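Taking it in order: structure first as structure tokens, then the write-up.
All values derive from a computational prediction rather than experimental measurement. All chains are named by letter (A, B, ...) in the order of the sequence lines, taking the proteins before the strands, and each is independently numbered beginning at 1.
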Amino acid sequence: MENNNNHYNPQLIEKKWQLSWATGNLYQSLETKDQKKFYVLDMFPYISGSGLHVGHPKGYIATDIVARQKMLQGFSVLHPMGWDAFGLPAENYAIKNKINPNIFVSEHIKRYKKQLEMFGFTYDWSKEINTIDPEYYRWTQWIFLKMFEKGLAYESEEPVNWCPSCKTVLANEDLEGGKCERCGSEVIQRKLRQWVLRMTDYADRLLYDLDTENLDWEDFIKEQQRNWIGRSEGVEFKLALEDSDEEIRVYTTRLDTAFGVTYIVIAPEHQLIEKLKEKISNYSEVLEYVNQAQNKTELERTDLQKDKKGIELENIKAINPFTGEKIPVFVADYVLGFYGTGAVIAVPAHDERDYLFAKKYNLPIKQVIRDLEEVHSIQESAFTEDGILINSEDYNGLHSSLAREKMAEWLAKKDLGQKKVNYKMRNWVFSRQRYWGEPIPIIHCPSCGAVGVPESELPLKLPPVENYEPSGTGESPLANISEWVNTKCPKCGQEAKRETNTMPQWAGSSWYYLRYIDPKNQEKLIDPNLEKHWMPVDLYVGGAEHATRHLLYARFWHKFLLDIGVVSTKEPFKRLVHVGLILAEDGRKMSKRWSNVINPDDIIQEFGVDALRVYEMFMGPFSQSITWNNNGVVGTKRFLDKVWKLQFKVSKEGGENKKISYLLNKTIKKVSDDIDNFKFNTAISALMILVNELEKEDKIILADYKKLLLIFSPFAPHLCEELWSLFGHHDSIFLQSWPEYNEALSSDFDQEMSIVVQINGKIRDNFVLSASASQEEIEGVALKREKISNLIGDQKIKKIIYVPKKIINIVI
RNA sequence: GCCGCGGUGGCGGAAUUGGUAGACGCGCUGGACUUAAAAUCCAGUUGUGGCGACACAGUGCGGGUUCGAUUCCCGCCCGCGGCACCA
């Protein structure tokens with residue numbers, strides 16, 4: 001099909017311009033001093049088994065529009081792309097299809113890249129990175145070594161989440177409702193030696209910088225991170241045990257309720273059970289309960305619906321330091337071993353769980369806080385809010401918040417306890433018992449312990465292996481390659497063994513945005529001058545599912561890199577926008593499983609990539625999930641054809657068309673603002689309105705048409721570049737300047753105004769008159785209108801409200 | 001259960017320092033062009049009543065504030081996302 005007066009043929013122009021842009025190095029980012037920089041970043045794709053569907057490029061289209069607009073506005077733009085390719089999903093796919101993961105990943109990268117190139121994106125491919133490239137992951141390993149040096153990476157034997165199907169441990173962040181996020185299997189707790197990153201050391205900074213660094217992030221993502229970090233301020237203190245040297249340490253945020261403590265509850269994992277085994281008179285019963293609890297899966301144990309069960313440690317009594325009362329000690333699995341001290345004071349009157357537990361086991365419920373209005377009845381339910389203290393001796397009458405302070409002071413003075421901050425967030429379990437990941441650069445020496453691989457030996461390459469299958473023993477398949485495992489200790493030269501665990505999927509993506517800036521640097525992770533030039537990332541676009549994983553990990557690593565002087569900003573991503581999903585026409589997620597996937601190649605074949613780009617941006621608000629509709633692409637192709645057809649109305653002669661220049665000017669502002677605010681749908685709508693008006697004209701002035709092409713070009717780059725060249729230009733449209741909005745012009749045109757007349761707020765009439773008319777004149781005209789005077793009749797006018805240039809409301 | 005977001009025509013959606021609800025697009029109806037179809041163009045399209053001018057109703061439900069509420073307040077219902085015994 002040829003181009004004709006009604007339609008253009010995308011096949012004839014799109015490939016041509018993509019080639020021209022690439023050979024002209026149009027998108028190479030340069031560190032020029034005289035231009036302002038703009039670093040716009042996409043979350044790079046993870047290489048999995050399935051290819052791209054129409055949902056994947058949505059975010060990339062948006063960043064491409066922003067990148068092109070910024071270029072036109074005179075910024076030097078960095079817009080890179082790369083590949084995230086280590087990790088479980090890629091490895092599982094490779095195993096399932098019996099391919100070498102290396103080969104599978106490399107082939108898929110080629111395919112992804114080809115698909116991305118069809119979209120005509122502005123990527124600077126000279127900056128391409130790939131997380132499985134040894135020249136890339138040597139720096140991932142380098143960061144790990146630095147963390148090891150600083151004591152932030154350590155070995156641990158704590159119980160960890162183990163996925164029996166993936167045969168590896170998982171971080172807390174990798175769980176979804178107690179199940180493996182990848183395969184859905186139930187995760188069990190297993191004691192295994194692991195590498196762990198001390199992320200909780202950064203908890204406060206991760207929390208406070210969300211607010212103090214003026215991050216332009218959507219609130220719900222910040223909120224998710226805050227909840228995930230889960231900071232709480234409380235007090236840790238000890239209770240003595242009767243007839244014993246042991247003591248119980250507890251953590252509470254409600255010290256004000258301390259006089260209401262009627263028993264203590266400890267977690268089944270608590271070491272005190274073992275220590276007191278001689279003293280506990282029902283020890284065998286207790287042990288049975290403990291074993292039962294530990295055999296439960298995480299899911300069963302955290303099921304809120306289940307009964308609050310527990311068992312008393314008979315013959316054990318703790319002493320409440322505030323009252324001197326002797327209180328029983330229970331073990332119950334609703335207390336978590338890993339949080340706080342693994343032991344809590346139970347205040348049934350003021351905590352719902354304790355209330356249920358106390359009712360079940362007939363334990364006393366002692367009220368020590370009353371509500372201000374004195375309407376709450378402890379007989380009916382626990383009162384969990386702050387209030388006024390009662391039954392609390394010296395503290396009676398104080399408000400909860402003040403009581404907490406005073407009581408904490410008292411504990412500190414008696415040397416029984418002090419204020420303490422706790423986090424829900426746990427340290428990052430960083431090793432995986434799998435093949436497809438960055439080797440952890442550590443050597444285990446019988447004399448020196450864990451020793452870092454010398455920097456000069458990086459990258460420590462992942463060796464080829466015959467069998468990728470995970471063993472399930474807690475060792476990775478690397479353990480079977482003796483020539484790789486056996487080595488010498490870099491410190492003492494003795495025979496030693498390499499660490500065989502690998503890094504998790506999220507390692508490479510935790511710092512990739514830095515490497516784009518200086519991808520080929522052999523000496524350093526990044527050149528400090530380049531880092532200062534480009535960082536922080538000005539705009540980061542990707543899926544919201546990364547709120548508590550990638551985005552938290554990357555912030556953590558970034559802060560560490562700040563501490564060791566590699567980067568200069570506190571936060572990596574200044575502005576973050578999340579992309580809404582594109583759902584299939586049946587309303588479900590697009591997936592091979594449902595065979596409802598729309599392939600972009602087919603749409604591009606039929607309508608061209610510009611029509612697809614414009615449609616995806618026009619569908620609805622960018623961050624909202626929206627269902628795909630093939631007819632929508634028909635509509636945007638129709639719109640592109642309208643723009644194409646307008647060229648035949650362009651005339652080089654003739655004077656200014658006031659009406660059009662006014663509307664054009666308004667559209668320039670609307671489109672500029674809307675791109676800034678990610679309101680692409682209304683930007684396109686404004687362009688449609690302009691085009692509809694231009695269609696009605698017999699003649700279009702060339703200068704106006706060029707402006708239309710310029711403001712439309714970020715959305716439909718191929719079509720606009722083609723039309724630009726058809727008017728005799730030899731240089732790219734993207735080397736021009738974004739049209740300026742002329743503020744004076746906007747008021748110039750408003751010589752008339754349309755006034756709506758309301759009676760008691762109901763619209764009854766409207767008329768047009770000169771924009772210079774005063775309120776009195778307008779009132780006069782309105783009251784003389786036949787319709788209005790008939791409606792008013794002889795009723796009395798109470799008052800008249802005038803909204804300048806819009807509405808006059810007569811109240812009768 | 002807690003936190004966050006949302007509910008507007010046949011459909012996707014637009015409009016919020018309170019000021020003409022339904023922009024723009026899809027679909028549908030009628031018309032022009034054509035031997036015919038496609039494409040394109042023109043007109044219409046929230047509902048009810050009316051030939052019509054127009055009237056009444058209308059932004060999840062029930063109240064309230066206001067000259068005026070999709071927008072603000074109170075009480076509910078429904079959907080989506082996140083967290084989930086964190087003491």
Side-chain angles (χ1 to χ4, degrees), chain A residues 4-7 176-178 218-228 230-232 234-235 250-255 257 265 267 301-306 308 332-336 338-347 350-354 356-357 422-426 544-545 547-548 578 580-581 614-615 618-621 623-636 638-639 641-642 645 679 681-689 691-692 695 754-766 787 798-812:
Chain A
N4 62 39
N5 285 10
N6 272 338
H7 307 276
E176 232 165 52
E218 288 153 290
D219 276 337
F220 85 102
I221 295 197
K222 288 193 196 175
E223 199 53 32
Q224 273 185 37
Q225 290 211 349
R226 283 189 202 109
N227 288 340
W228 188 262
R231 184 181 201 272
S232 82
V235 175
V250 294
Y251 174 73
T252 180
T253 55
R254 289 299 305 275
L255 191 61
T257 63
V265 190
R301 211 172 137 179
T302 55
D303 183 1
L304 281 168
Q305 309 311 318
K306 84 168 163 50
K308 300 267 172 283
D333 67 3
Y334 76 84
V335 174
L336 308 170
F338 52 76
Y339 184 79
T341 60
V344 298
I345 49 171
V347 189
H350 305 290
D351 180 280
E352 273 168 38
R353 288 156 306 175
D354 299 341
L356 290 172
F357 193 87
N422 263 315
Y423 302 94
K424 288 194 215 175
M425 184 177 79
R426 295 189 237 170
E545 69 274 17
T548 52
H578 94 274
L581 290 176
V614 175
Y615 173 58
F618 184 59
M619 291 175 85
S623 293
Q624 188 178 304
S625 320
I626 295 187
T627 354
W628 177 266
N629 177 359
N630 258 332
N631 281 327
V633 196
V634 177
T636 51
R638 226 173 255 167
F639 171 57
D641 282 329
K642 282 186 186 179
K645 279 186 279 182
K679 290 169 76 176
N681 54 335
T682 50
I684 292 165
S685 150
L687 286 160
M688 285 172 168
I689 292 168
V691 166
N692 289 344
E695 258 191 330
S754 167
I755 296 290
V756 168
V757 188
Q758 297 181 335
I759 293 175
N760 291 346
K762 269 190 186 283
I763 295 147
R764 295 301 180 187
D765 199 6
N766 66 77
K787 232 177 116 178
K798 280 192 196 151
K799 64 173 164 178
I800 293 177
I801 291 147
Y802 174 59
V803 182
K805 299 195 173 185
K806 275 186 185 154
I807 283 173
I808 184 146
N809 186 12
I810 301 159
V811 185
I812 55 176

- Message: By nearest atom, which of the nucleotides B/C86, B/C67, B/A39 is closest to the A/Lys799 side chain?
- Response: B/C67
- Task: Consider the side chain of A/Arg638, meaning its heavy atoms from C-beta on, and name the nucleotide among B/G27, B/A21, B/A23 that approaches it most closely.
- Result: B/G27
- Task: Remember a base hit wins even if backbone is also touched, and classify A/Asp351 as base, sugar-phosphate or nothing at under 4.0 Å, heavy atoms.
- Result: nothing
- Message: Under 4.0 Å, heavy atoms only, any strand: does A/Ile626 hit a base, just the sugar-phosphate, or nothing?
- Response: sugar-phosphate
- Query: Side chains of A/Asn692 and A/Lys642: do they bring a donor and an acceptor to under 3.5 Å?
  - Reply: yes
- Answer with base, sugar-phosphate or nothing: what part of the nucleic acid does A/Asn692 contact at a heavy-atom distance below 4.0 Å? sugar-phosphate
- Task: Tell me what A/Glu218 touches on the nucleic acid: a base, only sugar-phosphate, or nothing, going by heavy atoms under 4.0 Å.
- Result: nothing
- Taking the side chain of A/Asn629 as its heavy atoms from C-beta onward, which of B/C85, B/C26, B/A87 lies nearest to it? B/C26
- Message: With a 4.0 Å cutoff (strictly under), does any side-chain N or O of A/Lys762 reach OP1 or OP2 of B/C56?
- Response: no
- Item | Base-pairing assignment for B/A43 (Watson-Crick or G-U wobble, both under 3.5 Å) | B/U29
- Query: For B/G4, does the glycosidic angle fall within 90° of 0 (syn) or outside that (anti)?
  - Reply: anti
- Task: Would you tell me if any nitrogen or oxygen in the side chain of A/Arg353 comes within less than 4.0 Å of OP1 or OP2 on B/C86?
- Result: yes
- Message: Quick check against the 3.5 Å criterion: does A/Asn422 have a side-chain atom that pairs as donor or acceptor with the backbone of A/Ser232?
- Response: no
- Message: Categorize A/Lys424 for me: base, sugar-phosphate, or nothing, with a 4.0 angstrom heavy-atom threshold over every strand shown.
- Response: base
- Query: Of all the nucleotides listed (B/C85, B/G27, B/A87), which has the minimum atom distance to the side chain of A/Val344?
  - Reply: B/A87
- Query: Which part of the nucleic acid, if any, lies within contact of A/Asn681, taking any heavy atom under 4.0 Å across all strands shown: a base, the sugar-phosphate backbone alone, or nothing?
  - Reply: sugar-phosphate
- Task: Kindly point out which of B/G27, B/G12, B/C85 is positioned nearest to the side chain of A/Phe618?
- Result: B/G12
- Please state how far atom NZ in A/Lys806 lies from atom P in B/U20, giving the value in whole angstrom units. 7 Å
- Query: Just checking A/Gln224: base, sugar-phosphate only, or nothing, at a heavy-atom cut-off of under 4.0 Å?
  - Reply: sugar-phosphate
- Can you spot which of A/Asn809, A/Val811, A/Ile812 makes a side-chain contact (heavy atoms from CB on, under 4.5 Å) with A/Lys799? A/Val811
- Give A/Thr548 one of three labels, base, sugar-phosphate or nothing, depending on what nucleic acid heavy atoms sit under 4.0 Å from its own. nothing
- For A/Gly635, report the nucleic acid contact type (base, sugar-phosphate, nothing); a contact means any heavy atom under 4.0 Å. sugar-phosphate
- Message: Heavy-atom nearest nucleotide on RNA chain B for A/Val811 versus A/Gly620: which residue maps closer to 5'?
- Response: A/Gly620
- Query: If you look at every strand shown and take non-hydrogen atoms under 4.0 Å, does A/Arg764 touch a base, only sugar-phosphate, or nothing?
  - Reply: sugar-phosphate
- Message: Just the rounded figure in Å: distance from P of B/G4 to CD of A/Glu545.
- Response: 22 Å
- Query: So which nucleotide does B/G1 pair with, by the Watson-Crick or G-U wobble rule with both distances under 3.5 Å?
  - Reply: B/C83
- Assert yes or no for the condition that the ring centre distance of A/Phe357 to A/Tyr334 is strictly below 6.0 Å. yes
- Does the side chain of A/Trp628 come within less than 4.5 Å of A/Met619's, by heavy atoms? yes
- Watson-Crick or G-U wobble partner for B/A55, using a 3.5 Å limit on both distances? B/U48
- Message: In the structure I gave you, are the side-chain heavy atoms of A/His7 and A/Asn4 within less than 4.5 Å of one another anywhere?
- Response: yes
- Would you kindly check whether a donor in the side chain of A/Glu352 faces an acceptor in the base of B/G1, or vice versa, at under 3.5 angstrom? no
- Query: NA contact type, A/Lys798, heavy-atom cut-off 4.0 Å: base, sugar-phosphate, or nothing?
  - Reply: nothing
- Query: Which one, B/G19, B/A14, B/C41, comes nearest to the side chain of A/Asn809?
  - Reply: B/G19
- Could you tell me the separation between the CG atom of A/Asn760 and the P atom of B/U66, rounded to a whole number of Å? 14 Å
- Taking only the side-chain heavy atoms of A/Pro621 (C-beta and beyond), determine which of B/U20, B/G13, B/U40 contains the nearest atom. B/G13
- Please tell me if the side chains of A/Ile800 and A/Ile808 come closer than 4.5 Å, counting only heavy atoms from C-beta onward. yes
- Message: Considering every strand and a 4.0 Å limit on heavy-atom distances, what is the contact class for A/Lys679: base, sugar-phosphate, or nothing?
- Response: sugar-phosphate
- Shortest side-chain distance from A/Lys642, nucleotide among B/C41, B/G27, B/G19: B/C41
- Mind calculating the distance between CG (A/Asn227) and C1' (B/G4) to the nearest angstrom? 9 Å
- Would you mind telling me which of B/G13, B/A84, B/A39 lies closest to the side-chain atoms of A/His7? B/A39
- Message: Taking any heavy-atom pair under 4.0 Å as a contact, classify A/Tyr251: base, sugar-phosphate, or nothing.
- Response: base
- Query: Where each residue is assigned the nucleotide of RNA chain B containing its nearest heavy atom, which of A/Ile801 and A/Met619 is assigned the position nearer the 5′ end?
  - Reply: A/Met619
- Query: Side chains of A/Tyr615 and A/Asn630: donor-acceptor distance under 3.5 Å anywhere?
  - Reply: no
- Side chain of A/Val803 (C-beta onward), nearest among B/G19, B/C24, B/C26: B/G19
